Structure formats: structure tokens, C-alpha cells
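As C-alpha cells, the structure follows; a few thoughts come after it.
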Amino acid sequence: ALLDHASGEIRVKALQVLQLQQGQMPLERIGHLLDDDDVLAVRVEALQALCVHGEEDAHQRLQAALASPSRSLRSAAVGCIAEYGDEQEQALVDESMVRALLVESAEDEPELMQVARLLARIYDPTRTWVKELVEELSASRYPGVVRQLIESLGEVGDEAHLPWLADRLD
């Protein structure tokens, strides 16, 4: 019943609890939550629950989700990798994928926040496109995206961003 709750927050919490459980899982019901149009976090947690408990290899499942024609499933995969992905899964995310998500999600604050969160996981200052991504996200009209970017940059600890971060503290 909690997986069908009207509140997205309740569905997210139920999925997080299921991820920690052992035994038989309602994988089909969880799979239906990948189509949840209401809350991106529900799709992220549903995908993670399937990665943890599904029969398919988690890496393959994420790779398939990233290649999906469905923007919502690709966004869920990015969110899942940002929150739970290991280095091998993070390596699935490349420049073309991130740029496509930025274009497709230009008007979707939660999806842009996922991209900003992902930045902390895939950050590599030697990649020019990552620096460009920081600049694009820092100019976002959505405060939540800029806040998430600040958190991500704080996590990576690259001193090159300290002046920009200091300016944002005012």
C-alpha cells in the first residue's frame, strides 16, 4: 500500500526501506514506479531497488536505463548513479549524455538538480566539459540547482571554485 501512496515522499521512503530488506521483493510493482510522473526521487529509488534486488546485473540495468529513449528513465538513472553509483557506474556517464540531459531538462528543476548532484561524483578538472557544466549550472535560474551545485563543488574540494563559492556566500 505504501508503494501506491498519494505522497511521493512516502513512496520514496518505502522504496528506501525495501532496498535494505532481504527476501521476496515486489519487483513488478517496483518496476511500475519507474513510470512515476509525479516525483523524480521515486523513479531514482525504484531503479536503485531494482538494481539491488532485481535479477539483472545492476551495471547492465543502469546502462540500459541511460540508453533508454525515455527522458524520465534516463534522469532516474543519472540520479541513481549520483546517489549510489560506484566508479564503474559513474563511468557510464559521458559528456554527450550530460549535455543532452541539460538540453532536455532545461525547464525541469529536479532533473537539473540531479545533474548538479552527479557532478560531485564524476568531477574531473582535466575534462573541459566538466568545467563548462559548472558554468552552465551556476547560471541556472533555479535556486535549487545552484544550491546543489554549491554542495557538489564543496564535496569535490577543487580550490579553483573557491572564489565563486565565496561570492555566493554573500
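No experiment lies behind these values; they were computed from the predicted model shown. For this chain, numbers begin at 1 and follow the sequence in order.
In the hydrophobic clustering of this structure, Met113 groups with Tyr142; members are Ile, Leu, Val, Met, Phe, Trp, Tyr whose side-chain heavy atoms approach within less than 4.5 Å, directly or through other members. Under the 4.5 Å side-chain heavy-atom criterion for grouping Ile, Leu, Val, Met, Phe, Trp and Tyr, Leu27 is connected to Leu73 within one hydrophobic cluster. A single hydrophobic cluster is not seen to contain both Val52 and Leu92; linkage of ILVMFWY side chains at heavy-atom distances under 4.5 Å, directly or through other members, places them apart. Residues Val130 and Leu101 are members of one and the same hydrophobic cluster, defined by side-chain heavy-atom contacts under 4.5 angstrom among Ile, Leu, Val, Met, Phe, Trp and Tyr. Hydrophobic clustering of Ile, Leu, Val, Met, Phe, Trp and Tyr side chains at less than 4.5 Å, counting indirect connections, keeps Val39 apart from Ile10.
Considering only heavy atoms from C-beta on, Leu33 stays 4.5 Å or farther from Arg29 through its side chain. Ser75 has its side chain within reach of Arg71: a pair of non-hydrogen atoms, C-beta onward, lies under 4.5 Å apart. Between Glu109 and Leu112, every side-chain heavy-atom pair lies at or beyond the 4.5 Å cut-off. The closest side-chain heavy-atom distance from Val115 to Ser105 is not below 4.5 Å. In this structure, Val17 and Lys13 have side chains that are not in contact, with every pair of non-hydrogen atoms separated by 4.5 Å or more.
Contact check on Glu151 versus Arg117 returns no salt bridge, with no Lys/Arg side-chain nitrogen under 4.0 Å from an Asp/Glu carboxylate oxygen. Looking at Glu136 and Arg99, a side-chain N of the basic residue comes within less than 4.0 Å of a carboxylate O on the acidic one, giving a salt bridge.
Closest of all the heavy-atom pairs between Ile30 and Leu18 is CD1-CD1, 4.0 Å. Minimum interatomic distance between Ile122 and Val98 (heavy atoms only, all atoms of both residues): CD1-CG2, 4.4 Å. Across Arg74 and Leu66, no two heavy atoms sit closer than the pair CD-O, 3.2 Å. What you find for Leu119 and Ser152 is that their closest heavy atoms are CB-CB, 4.5 Å. Asp124 approaches Thr126 most closely through the heavy-atom pair OD1-OG1, 2.6 Å. Of all heavy-atom pairs between Arg121 and Tyr84, the closest is NH2-N, 4.0 Å.
No donor-acceptor distance shorter than 3.5 angstrom exists from the side chain of Gln114 to the backbone of Pro110, with no hydrogens or angles considered.
Taken from SG in Cys51 to CD in Glu89, the straight-line distance is 6.5 Å, to the nearest 0.5 Å. One finds the CG atom of Leu40 at 8.5 Å from the OG atom of Ser72 (value rounded to the nearest 0.5 Å). From Asp35, atom CG reaches atom CZ of Arg43 across 9.0 Å, with rounding to the nearest 0.5 Å. Rounding to the nearest 0.5 Å gives a distance of 9.5 Å between CG of Asp57 and CZ of Arg61. To the nearest 0.5 Å, the span separating CG on Leu153 from CD on Gln148 amounts to 10.0 Å. Considering CG of Leu133 and OH of Tyr123, their distance stands at 10.0 Å, rounded to 0.5 Å.
Using a 3.5 Å distance cut-off with no hydrogens or angles, the side chains of Glu45 and Gln19 do pair a donor with an acceptor.
Applying the side chain to side chain contact (heavy atoms under 4.5 Å, CB included) test between Leu47 and each of Val42, Leu62, Ile81 identifies Leu62 as the sole match.
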Could you walk me through whether Arg11 and Asp4 pass salt bridge (Lys or Arg N to Asp or Glu O under 4.0 Å), step by step? CA-CA 7 Å; Arg11 294 191 305 276; Asp4 299 319; over 6 Å; no
Any chance you could lay out the side-chain contact (heavy atoms from CB on, under 4.5 Å) test for Val12 and Val44, step after step, and finish with the verdict? CA-CA 9 Å; Val12 166; Val44 169; over 6 Å; no
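Within 6.0 Å of CD in Glu9 there are 12 or fewer heavy atoms belonging to other residues, nucleotides or ligands.
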